[in-house]
Participant: 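Submitted below is the structure of interest, expressed as structure tokens.
This structure is a prediction, so every number in the text was calculated from the model and none was measured. Keep in mind that the numbers below use all heavy atoms, side chains included, and drop hydrogens, waters and symmetry copies.
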Amino acid sequence: MKLPELKIGQHVAKIPIIQGGMAIRLSTARLAAAVAEAGGIGLIAASGMAFDELRHEIRLARSLTKGIIGINIMVAAREFARYVDTAIDEGIDLVVAGAGFSRDVFPMGKKSGTPIVPIVSSVKAAKISEKLGAAAIIVEGKEAGGHLGTDESLHALLPDIKKSVAIPVIGAGGIISGRDIAEVMKLGADGVQMGTRFAASVESNAAPALKEFYLKAKPEDVVLIKSPVGLPGRAIKNPFAKKILECTVDGPDKCVACLKHCEKNFCIISALIRAQQGDVDTGLVFTGEYIHKIDEILPVKEIFTRLLREVEEIN
């Protein structure tokens, strides 16, 4: 099997793989640039960053590659529009918006000529996105890591959504191997988004202790927690996740009002930062459903080489 190119707006990726935007600070310039340099689309996760920090990361990524660089930002973020404005001002190639749905982002993209790519999990949201001017959509199934918008699998969602729109459709959730990519492409996807596989890469900005924690995860360790965002989130069970599940976790000591709506069962920004920095006991470790299939931390270039070889071996 040979993979096609992926065209989103005016940008053409030689390899139809988008690296998922993983916050906080897992997906920074180094990872995004490595993916873009390999022929895919690299995303910087803007959520939780300071605006000057985001500008720095975009400029750094630009200095490392001439490939396609985008941002991923949570619609649930209180400063969502400002993050998008900041990235557009820096000449970002595209904006991926998840953890909610925003109609306001489409005029921003249209004005600047920046492709807007929402993450959706239903035919209705896909059709609305296309009508509002989305350049492409990412269809995310329940197998994904982080915030989830559905309890249906990607394989159940994608065919109907693909039939409902004319714009490119990218499949996401549970894609780890070349065989996974091939299966999703055969369902009609124009490309795939992969997060967890790149979280466990050399260029990922996760602390060494977090990367080692990924490799130890077993299928039974993956759980769904209730996020303050108001959505379920897929994470690895550790002492902190256990407290969330048991409703014994402490609420935030102080609130910086980073979300439009927060249930305040805990501070998600602080919890994700602790994990990124290597605290795998009191941090929140988001992950995809099939983290247990990853047994090596590899450079992005080697990940691409293996994925493409696996795809080519499939009839």
Participant: Within this structure, what is the NE2-CD distance for the pair H56 and E90, rounded to the nearest 0.5 Å?
Facilitator: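 Here the rounded value is 11.5 Å.
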Participant: If every non-hydrogen atom of L215 is compared with every non-hydrogen atom of D295, which pair is closest and at what distance?
Facilitator: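 Looks like CD2-C, 3.7 Å.
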Participant: Atom CZ of F80 and atom CE of M108: how far apart are they, to the nearest 0.5 Å?
Facilitator: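 Reported value, rounded in 0.5 Å steps: 7.0 Å.
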Participant: Do side-chain atoms of K211 reach the backbone of S204 as a donor and acceptor pair under 3.5 angstrom?
Facilitator: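 Checking the backbone N and O of S204 against the side chain of K211, a donor-acceptor pair under 3.5 Å is found.
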Participant: So M22 and N72, side-chain contact (heavy atoms from CB on, under 4.5 Å) or not? Walk me through it.
Facilitator: CA-CA 8 Å; M22 297 164 288; N72 173 290; over 6 Å; no
Participant: In the structure I gave you, are the side-chain heavy atoms of V300 and V202 within less than 4.5 Å of one another anywhere?
Facilitator: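 The answer is no, as the side chains (C-beta and beyond) never meet within the 4.5 Å cut-off.
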Participant: Would a 4.5 Å heavy-atom cut-off, applied to side chains only, mark I167 and D190 as touching?
Facilitator: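 No - every pair of side-chain heavy atoms lies 4.5 Å or more apart.
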Participant: Run the salt bridge (Lys or Arg N to Asp or Glu O under 4.0 Å) test on K216 and E212 for me, step by step, so that the C-alpha distance in whole Å, both residues' side-chain angles and the decisive distance to 0.1 Å come before the verdict.
Facilitator: CA-CA 7 Å; K216 294 174 184 175; E212 288 301 314; 5.8 Å; no
Participant: I18, F304: one ILVMFWY side-chain cluster at the under-4.5 Å cut-off?
Facilitator: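 In one cluster with I18: F304, no.
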Participant: Looking at S27 and G21, would you say the former's side chain and the latter's main chain have a donor-acceptor pair under 3.5 Å?
Facilitator: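 Here the side-chain-to-backbone pair does not exist.
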Participant: For a 4.5 angstrom cut-off between non-hydrogen side-chain atoms, does V311 reach K2?
Facilitator: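 A side-chain contact is absent here, since even the closest heavy-atom pair is not under 4.5 Å.
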Participant: Would you check, one step at a time, whether the test side-chain contact (heavy atoms from CB on, under 4.5 Å) holds for V184 with D180?
Facilitator: CA-CA 6 Å; V184 173; D180 297 333; 5.6 Å; no
Participant: Can you check whether E140's main-chain N or O pairs, donor with acceptor, with S121's side chain at less than 3.5 Å?
Facilitator: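 Such a contact is found between S121 side chain and E140 backbone.
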Participant: Can a salt bridge be assigned to the pair D93 and R62 using a cut-off of 4.0 Å between side-chain N and carboxylate O?
Facilitator: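 Here D93 pairs with R62 in a salt bridge, since their nearest N and O are under 4.0 Å apart.
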Participant: Check R25 with E53, please: is the shortest side-chain N to carboxylate O separation under 4.0 Å?
Facilitator: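 Salt bridge present between E53 and R25.
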Participant: Test your reading of the model: is there a side-chain donor-acceptor pair from Q193 to the backbone of I17, 3.5 Å cut-off?
Facilitator: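 No, Q193 side chain to I17 backbone: no donor-acceptor pair under 3.5 Å.
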Participant: Hey, does the side chain of D104 reach the backbone of A81 with a donor-acceptor pair shorter than 3.5 angstrom?
Facilitator: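 The answer is no, because no donor-acceptor pair under 3.5 Å joins these two groups.
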Participant: Just how far is it from atom OG of S227 to atom NE2 of H147, taken to the nearest 0.5 Å?
Facilitator: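 Spacing of OG (S227) from NE2 (H147) equals 2.5 Å.
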Participant: Can you see which heavy atom on C267 is nearest to which on S270, and at what distance?
Facilitator: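 Residues C267 and S270, closest heavy atoms: SG-OG, 3.2 Å.
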Participant: In plain terms, say whether R306 and E302 are close enough for a salt bridge, that is, a side-chain N and a carboxylate O under 4.0 Å apart.
Facilitator: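 Yes, charged N to carboxylate O under 4.0 Å.
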Participant: Under 4.5 Å between any side-chain heavy atoms of Q10 and P115, yes or no?
Facilitator: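 Of all side-chain heavy-atom pairs linking P115 with Q10, at least one is under 4.5 Å.
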Participant: Running the 4.5 Å side-chain criterion over Ile, Leu, Val, Met, Phe, Trp and Tyr, what cluster does L259 land in, apart from itself?
Facilitator: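 Joined to L259, directly or through intermediates: I24, M74, V223, I225, V229, L231, F240, I244, L245, V249, F266, I268, I269, L272, I273, L284, F286.
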Participant: Return the set of residues passing salt bridge (Lys or Arg N to Asp or Glu O under 4.0 Å) with R274 (not counting sequence neighbours), or none when no residue passes.
Facilitator: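 Not a single residue meets the salt bridge (Lys or Arg N to Asp or Glu O under 4.0 Å) criterion with R274.
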Participant: Counting C-beta onward and ignoring hydrogens, is there a side-chain heavy-atom pair between L31 and N205 closer than 4.5 Å?
Facilitator: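 The answer is no, as the side chains (C-beta and beyond) never meet within the 4.5 Å cut-off.
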Participant: Would you say R234's side chain and L224's backbone share a donor-acceptor pair under 3.5 angstrom?
Facilitator: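 Absent.
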Participant: Counting only heavy atoms not in K301, do more than 12 sit closer than 6.0 Å to its NZ atom?
Facilitator: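 Open.
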Participant: Evaluate side-chain contact (heavy atoms from CB on, under 4.5 Å) for I137 paired with I161, printing each intermediate quantity in order.
Facilitator: CA-CA 10 Å; I137 54 171; I161 292 177; 3.7 Å; yes
Participant: So, does D221 use its side chain to make a donor-acceptor pair with the main chain of K237 at under 3.5 Å?
Facilitator: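 No; judged by distance alone, with no hydrogens or angles, the pair does not exist.
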Participant: Does the side chain of M49 reach to within under 4.5 Å of the side chain of I44, using non-hydrogen atoms?
Facilitator: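 SC-SC contact between M49 and I44 confirmed.
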Participant: Say you draw a straight line from CD1 of I73 to CD of E79; how long is it, rounded to the nearest 0.5 Å?
Facilitator: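 Answer for the CD1-CD pair, I73 versus E79, is 10.0 Å.
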Participant: Taking NZ, NE, NH1 and NH2 as the nitrogens, is one of them in E57 or R30 under 4.0 Å from a carboxylate oxygen of the other?
Facilitator: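 No, this pair does not count.
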Participant: Considering only Ile, Leu, Val, Met, Phe, Trp and Tyr, and joining two whenever side-chain heavy atoms are under 4.5 Å apart, list the other residues clustered with L64.
Facilitator: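 Same cluster as L64: L60.
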Participant: Any salt bridge linking E183 with R179? Criterion: basic side-chain nitrogen under 4.0 Å from a carboxylate oxygen.
Facilitator: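 So E183 does not pair with R179 through a salt bridge.
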Participant: Looking only at heavy atoms, which two atoms of F198 and S201 are closest? And how far apart?
Facilitator: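 Smallest heavy-atom distance, with atoms named: O-OG, 2.7 Å.
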Participant: Determine whether I68 and I303 fall in the same hydrophobic cluster, where Ile, Leu, Val, Met, Phe, Trp and Tyr are linked whenever their side-chain heavy atoms lie under 4.5 Å apart.
Facilitator: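 I68 does not cluster with I303.
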Participant: Could you please spell out the steps behind the side-chain contact (heavy atoms from CB on, under 4.5 Å) verdict for I41 and V35?
Facilitator: CA-CA 6 Å; I41 297 174; V35 171; 5.8 Å; no
Participant: Taking all non-hydrogen atoms of both residues into account, name the closest pair between L154 and G173 and its distance.
Facilitator: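 Nearest heavy atoms, L154 then G173: CD2-O, 4.0 Å.
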Participant: Within this structure, what is the NZ-CD1 distance for the pair K186 and I181, rounded to the nearest 0.5 Å?
Facilitator: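 One finds 12.5 Å between NZ of K186 and CD1 of I181.
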Participant: Counting N and O atoms only, with roles assigned by atom type, does the side chain of E5 sit under 3.5 Å from a partner on the main chain of K14, one being a donor and the other an acceptor?
Facilitator: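 Looks like no, no N/O pair under 3.5 Å.
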Participant: Please name all residues satisfying salt bridge (Lys or Arg N to Asp or Glu O under 4.0 Å) with K142, sequence neighbours left out, ordered by chain then number.
Facilitator: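 Result, salt bridge (Lys or Arg N to Asp or Glu O under 4.0 Å) vs K142: E289.
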Participant: With the 4.5 Å side-chain cut-off for hydrophobic clustering, are L298 and I291 part of the same group?
Facilitator: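 Hydrophobic grouping puts L298 with I291.
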Participant: Not counting sequence neighbours, which residues clear side chain to side chain contact (heavy atoms under 4.5 Å, CB included) with A36? List them please.
Facilitator: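 Result, side chain to side chain contact (heavy atoms under 4.5 Å, CB included) vs A36: T65, I69.
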Participant: So which atom in R103 and which in P107 form the shortest heavy-atom distance, rounded to 0.1 Å?
Facilitator: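 Smallest interatomic distance, heavy atoms only, reads O-CD, 3.3 Å.
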Participant: Rounded to the nearest 0.5 Å, what separates atom CD in E203 from atom CD in E37?
Facilitator: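 Output value for this atom pair is 11.0 Å.
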Participant: Membership question, hydrophobic clusters at under 4.5 Å side-chain separation (ILVMFWY): are I176 and M1 in the same one?
Facilitator: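 Same cluster: M1 reaches I176 through Ile, Leu, Val, Met, Phe, Trp or Tyr contacts under 4.5 Å.
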Participant: R197 versus I294: any side-chain heavy-atom pair under 4.5 Å?
Facilitator: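 Result yes, sub-4.5 Å side-chain heavy-atom pair found.
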Participant: Just by modelled atom types, is the K226 backbone N or O under 3.5 Å from a matching donor or acceptor in the N265 side chain?
Facilitator: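 Indeed, once roles are kept as given, a pair shorter than 3.5 Å links the two residues.
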Participant: What's the shortest heavy-atom distance between A23 and A45, and which atoms?
Facilitator: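 The pair with the smallest heavy-atom distance is N-CB, 3.7 Å.
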Participant: Does any part of the side chain of L6, heavy atoms only, come nearer than 4.5 Å to the side chain of I8, both counted from C-beta?
Facilitator: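 Result yes, sub-4.5 Å side-chain heavy-atom pair found.
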Participant: Can you hop from V96 to L158 via hydrophobic side chains spaced under 4.5 Å?
Facilitator: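 They do not share one cluster, since no chain of ILVMFWY contacts under 4.5 Å joins V96 to L158.
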Participant: Restricting to side chain to side chain contact (heavy atoms under 4.5 Å, CB included), what partner residues turn up for A207, sequence neighbours left out?
Facilitator: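 Expected list: none.
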Participant: Could you walk me through whether D89 and T86 pass side chain to side chain donor-acceptor pair (under 3.5 Å), step by step?
Facilitator: CA-CA 5 Å; D89 189 54; T86 300; over 6 Å; no
